[in-house]
Amino acid sequence: MSESQETLLLVDGSSYLYRAYHALPDLRNGEGFPTGAIYGIVNMLRKLRSDYPAKYSACVFDAKGKTFRDDLYPAYKEHRAPMPDDLRAQIEPIHEAVRALGWPILVVEGVEADDVIGTLAERATREGVRTIVSTGDKDLAQLVSDHVTLVNTMTNETLDPAGVQTKFGVPPERIVDYLSLIGDTVDNVPGVPKVGPKTAVKWLTEFGTLDNVMARAAEIKGVVGENLRNTLEWLPKGRELLTVKLDCDLSKEVPTFDALIDGGEDKSELVDFFSRYGFKTWLREASGEALPDTRSVGSARKAATPVKNYADNAAAQQQASLFDVEAAPQEVKYETVTTEAQLESWMQRLDEADLVCIDTETTSIDPMLAQLVGISLSVTPGQACYIPVAHRGPDVAGLDAAAQLSRDAVLARMKTWLEDDASKKVGQHLKYDAHVFANHGIALRGIQHDTMLQSYVLESHRNHGMDALAERVLQLKTITYEEVCGKGASQIGFDEVPLDRATEYAAEDADITLRLHRALFPKVEADDKLDYVYEQIEMPTSIVLQKMERNGVLIDGERLAKQSTEIGQRLLELETEAHALAGQPFNLSSPKQIGEIFFNQMKLPVIKKTASGAPSTDEEVLQKLAEDYPLPKLLLDYRGLAKLKSTYTDKLPKMVNPNTGRVHTTYGQATAVTGRLASTDPNLQNIPVRTEEGRRIREAFIAPEGSVIVSADYSQIELRIMAHLSQDEGLLRAFQEGQDVHRATAAEVFNVTPLEVTADQRRVAKVINFGLIYGMSAFGLASNLGIGRDAAKLYIDRYFARYPGAARYMDETRQTARERGYVETVFGRRLWLPDINGGNGPRRQAAERAAINAPMQGTAADLIKLSMLAVQGWLEAEAMRSRLVMQVHDELVLEVPQAELAVVRERLPELMCGVATLRVPLVAEVGVGANWEEAH
DNA sequence: CGAATCCGTAACGTC
DNA sequence: GACGTTACGGATTCGA
C-alpha cells in the first residue's frame, strides 16, 4: 500500500518557541496573559499544513530534564538563560493548541527534539518516505539528503543538499564537522576559538573532513592554528555533542508512522481554546468557517550567551618541564591591606626579608603615564598582600574602597624601603614598575632580580609573559588581566576593580612571581655563562634602559608638522596623477586595488606572486615595471612618502609626552631572540636614514638649548665579530690593518688589488658581506643583487675560497647548532633553535640561517649593552649632565651640554671600544650636531 | 544587524 | 638575519 511520494512533515517545535517568543511583540490577551509564542506557533503550523501537505506529521518538543549530552558534557547549555516566565507560561497552552490543530505531538523523555527528528527522518528514508523538517536551527542541516529537505518557515527558505552546499559552503555530510569547528554559542559547545564559518569552510575544503583537519593541525599557521592544536582533545567530544542521533528508541511513541497521521483540526477544541486565550479573529474564523489569514513572522535571534573560554592546557601540561617545581605551598593566603596596622605589619616583614617580590597595579600600560593604583608584595610563597591606594567605586564584599589607605600615605611610609638599595627586590618586568614609582617621585632601588629576564636568558625564544611562565614553569593557571578587567571597549581600569577581586589577582601576581624566581633563578645561576649574561648584562641593562626611557628625546614637532603638510600636498598630487594615468580613481594604498588596475585592466606583466598567490606589487616589482610604464614609478614615490608621513611625520609629534615635552620610547628587553633590544611606541630604531627625504626626519631629533646631540656607532661591528669568531686570517688581517673591509672583500672576490676595486665591485662586496652575516643563501643574494642564482653562487664560492676560515666557521656553527640545539654569543648568551633538527625543509633552513646570524647579531647586542652600562656608569660616577637618549643596535645617542662635549667626545668611543677585547679592534665613530642627522 | 575589534597580509622603515 | 608600524580588507565578536 505504500505510495512512492508519501511525506513526513516534522516540526522542530522547540526551535520555534524562542524565535516566536522573541520575534513577536509582547502580545497579551485581555487578562494580561502572554500569548505571543502561542500565536506564532499556531500561525506557523497552519501555514506549514497548507504549504506542505503530508500524510504523516509531528510537532516535536524538547522534554524537560537531562539528556545524554548533559552526561557527556556537564557544561552543555550551561549558559543558556532560564526560560523566561512569560514563555514558560505558554508551553502548556501551546501543546494544547497543537493537539487541537490535529498535529501529533512528540515530547520524549530524555531525548532532545533534534534527536527525535533525526531518528524519524532516518526511519522514513529507510521506508521510502520523504521527509520535510521545519526548523529554525541550522544544526539540522546535517540531516539533509535526497530524501530529507529542510525548511525554515520564518525565512521561507528550503534546503536540499545543493542548498546546504550553497548556504554553508559544505555538503550536509560535513555539517557536523563544520559546526564542531565553529562551536555553538547557544548550547555552550565550544569550537575552535577565532574560527567562524569562513575558516571552517576553508579548512574543510582543503582537508576534506574534520579528522583530516585535526590530523594536519600542525600545518596551520598563526593564532587559529595554535587554537586548533589546543582544542584537538576537545573536538571529538564537541562533534559527538553536535551530532544528531538517528537511532533513538521511539518504539513506544511511534511504533509505526500511522501514529503520525494528522487527526485534523478539532473545531470545538479550537473554539474553546481561542476563546479562553482571547484570540478573537481566530475565534470568529473557527466559528465562521473562514480560512485563517496566514502571516509569516519576522525572524529574530536573541539569547546569545557568551562563549565560555575553553581552556585546554592538556598539551602544555603534558610537555615535560625544564624546571623543578618547588612544592606548591600548602595554603595560599592573600591579604588586602587597608589599615595602618596591616601596613606596619607588612613593612616589618619586608625589613626582615632577604628578598621581596613586588608588583604594581596601575591605570595605564604606558609606563610614563601610568598612575599607581595598588602595590602587591610577597616574601613567602603562598602569602601575599595587596595594598590598594587609588581604587574608586562602591563598597564591594565588605571592602569599602573608601577605606583604603591613601596613595600619598602609603608611598610616604614605603619610600625609604622602596629607595633603599640594600632592600632587595624581585619582580616580573620591574622596569615598568620602576617607571610607575618614578611617576610618583620615587626612585625604586635594590632591583635585584627580574623573572622576565631570567626566562629570557634561559630560553629567549619563548614567551616571557607572567601567565605563560606560570603555566610553563609552575604548571599553574593564573588569573589573567582580561578576566579581571575585561577587554576591548568594555575593559575597565584596574582602579575600578572591586578590592576583593583586585586582591585575588594582584596578590597572586606577586606570589607567583616569587615562586617563578625560586624556580628560574637556580637554573640561571647554575650555568656560569647564563649567570653572567643575566647578572652582568641584562639586570643592570634594565636599570639603564629605564633611565634612558625616562630621559626621552626632544623632538621638533613643528618641523615635523611642516614636513607632514608638504608631504601631504605631494601625496595629493601623486594621487591625482596616478588616477589620471589609470583612468579611474583607486586607493593607492591598497595592494589589492593596485593589482586589479595593473594586472587585470592595464595587463602589465606579473613579475612575482605574494605568499597568498596574488600578484605582488612590492618595491622590486614596481622598480621593474617602472622601466616600461609611468604608473609604477608614481606609486613607488607615493609609497615612500606615505610611509614617511603616516609612520613618522604624523605620528612622532603625537607621541610627545605632555608632561615632559619629549618622546619616550619603550625598549623591549625580552623581545628579540638574539639579545637585541626592540623599541616601541614609538619605534625609534627604524627612523629613516637611507633616503634624502627620510633623513629630514632625523633633523627633527634635537637637543635643548645649550646641548647638542652626540652619536657614536660601532663600525662594522658584526663583520668584526665574524672575524673574531671565525678567526679567518684574511678577515682578521683586514680589520687589524684598518682596511676598508668591503673594498678588501671586493679585491678578493674579483681578484684585483684593493686600489683597482670599482665602486660597483665594492657595492657588490658589501651586499655579499651582509648576506653572510644573515646566513643568506645564493637565492637571497641573487635577489638582492638582481643577478642570477648561478652568478650569486659563484660569488659565494669565491668568497669562501678566499676566506676559508669563514667557511669553516659557518659549517661548524651549523654543526654545533644541530648537536646542541642552540648557538651562543661570545658572552655565552644562548639562542635555542627548536627547528634545527626537525621541522620541514624551509623551517630547518631558516633555523640554519638564524644559527649563523645569531652569534654575530647577539654578540653585537651584548657589546652595546655593555657599552650602555659603561657609559651610564661613567656619567653617574662623574655626576655629568649628559644623558643617554637612544640606542639603535650599534649606535648610542646622547644629549650633551656644550660644557661636557669635549670630554664626552673623547671618552664615549673609548668606553665603547673598551668593553671587550676581541681578536680584532673595536672601532666607534662619533658625530656631533644640533640634531641627529647632523651628528652622523 | 551594524559597529567595533581582531587578525593576517603586504609593504617598508631600521640595523 | 633581527625587529615594529602602517594600511587594508576580511572575519569574528560585540552589543543593542
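Quick note: numbers below take in every heavy atom, side chains included, and nothing from hydrogens, waters or symmetry partners. Residue numbers begin at 1 in each chain, while the letters A, B, ... track the order of the sequences.
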If you restrict it to nitrogen or oxygen atoms, what contacts under 3.5 Å exist between nucleotides 4-7 of chain B and the protein, and what is each distance?
{"residue": "dT5(B)", "atom": "OP1", "partner": "A489(A)", "partner atom": "N", "Å": "3.4"}

Roughly, in whole Å, what's the span from [atom1] in [X] to [atom2] in [N]?
| X | N | atom1 | atom2 | result |
| --- | --- | --- | --- | --- |
| D681(A) | dT5(C) | CG | C1' | 10 Å |
| F586(A) | dG9(C) | CZ | P | 12 Å |
| L181(A) | dT12(C) | CG | P | 11 Å |
| F168(A) | dA11(C) | CZ | C1' | 18 Å |
| R695(A) | dT14(B) | CZ | C1' | 14 Å |
| N784(A) | dG1(C) | CG | P | 11 Å |
| Q887(A) | dG4(C) | CD | C1' | 15 Å |
| N587(A) | dG9(C) | CG | C1' | 11 Å |

To the nearest 0.5 Å, what is the distance between [atom1] ([X]) and [atom2] ([Y])?
| X | Y | atom1 | atom2 | result |
| --- | --- | --- | --- | --- |
| F701(A) | N931(A) | CZ | CG | 10.5 Å |
| N657(A) | H664(A) | CG | NE2 | 4.5 Å |
| T813(A) | Q815(A) | OG1 | CD | 10.5 Å |
| L677(A) | Q887(A) | CG | CD | 4.5 Å |

Practice problem: Check every strand shown and say whether G196(A) touches a base, only sugar-phosphate, or nothing at a heavy-atom separation below 4.0 Å. | Solution: sugar-phosphate
Quiz item: Hey, does Q593(A) reach any base, or is it just sugar-phosphate, or nothing, if we go heavy atoms under 4.0 Å?
Solution: sugar-phosphate
Quiz item: Are any of the side-chain nitrogens in K194(A) or E226(A) under 4.0 Å away from the carboxylate oxygens of its partner?
Solution: no
Quiz item: Under 4.0 Å between a Lys/Arg side-chain N and an Asp/Glu carboxylate O for E538(A) and K865(A)?
Solution: yes
Quiz item: Which class fits the ring pair Y178(A) and F168(A): parallel under 30°, tilted 30 to 60°, perpendicular over 60°?
Solution: perpendicular
Quiz item: Going by the angle between their ring planes, with limits at 30° and 60°, are W832(A) and H461(A) parallel, tilted or perpendicular?
Solution: tilted
Between [options], which nucleotide gets closest to the side-chain atoms of [X]?
| X | options | value |
| --- | --- | --- |
| Q857(A) | dT6(C), dT5(C), dG1(C) | dG1(C) |
| P197(A) | dA2(C), dT6(C), dT12(C) | dT12(C) |
| T674(A) | dG9(C), dG4(C), dA2(C) | dA2(C) |
| N853(A) | dT12(C), dC8(C), dA2(C) | dA2(C) |

Practice problem: Kindly say if R849(A) contacts the phosphate of dG1(C), meaning a side-chain N or O under 4.0 Å from OP1 or OP2. | Solution: yes
Exercise. Please check the phosphate of dT6(C) (OP1 and OP2 only) for any side-chain N or O of S589(A) closer than 4.0 Å.
Key: no
I'd like a table of atom pairs between the protein and nucleotides 10-13 of chain B - only N or O on both sides, under 3.5 Å - with the distance next to each one.
{"residue": "dA10(B)", "atom": "OP1", "partner": "T610(A)", "partner atom": "OG1", "Å": "2.5"}
{"residue": "dA10(B)", "atom": "OP1", "partner": "S612(A)", "partner atom": "N", "Å": "3.3"}
{"residue": "dA10(B)", "atom": "OP1", "partner": "S612(A)", "partner atom": "OG", "Å": "2.4"}
{"residue": "dA11(B)", "atom": "OP1", "partner": "T617(A)", "partner atom": "N", "Å": "2.7"}
{"residue": "dA11(B)", "atom": "OP1", "partner": "T617(A)", "partner atom": "OG1", "Å": "2.7"}
{"residue": "dA11(B)", "atom": "OP1", "partner": "D618(A)", "partner atom": "N", "Å": "3.2"}
{"residue": "dA11(B)", "atom": "O3'", "partner": "R639(A)", "partner atom": "NH1", "Å": "3.1"}
{"residue": "dC12(B)", "atom": "OP1", "partner": "R639(A)", "partner atom": "NH1", "Å": "3.2"}
{"residue": "dC12(B)", "atom": "OP2", "partner": "E619(A)", "partner atom": "N", "Å": "3.0"}
{"residue": "dC12(B)", "atom": "O2", "partner": "K643(A)", "partner atom": "NZ", "Å": "3.0"}
{"residue": "dG13(B)", "atom": "N2", "partner": "N686(A)", "partner atom": "ND2", "Å": "3.4"}
{"residue": "dG13(B)", "atom": "N3", "partner": "N686(A)", "partner atom": "ND2", "Å": "3.0"}

Quiz item: Is there a donor in the side chain of H936(A) and an acceptor in the side chain of E891(A), or the other way round, less than 3.5 Å apart?
Solution: yes
Quiz item: Any chance CD1 of I365(A) has more than 12 other-residue heavy atoms, nucleotides or ligands included, within less than 6.0 Å?
Solution: no
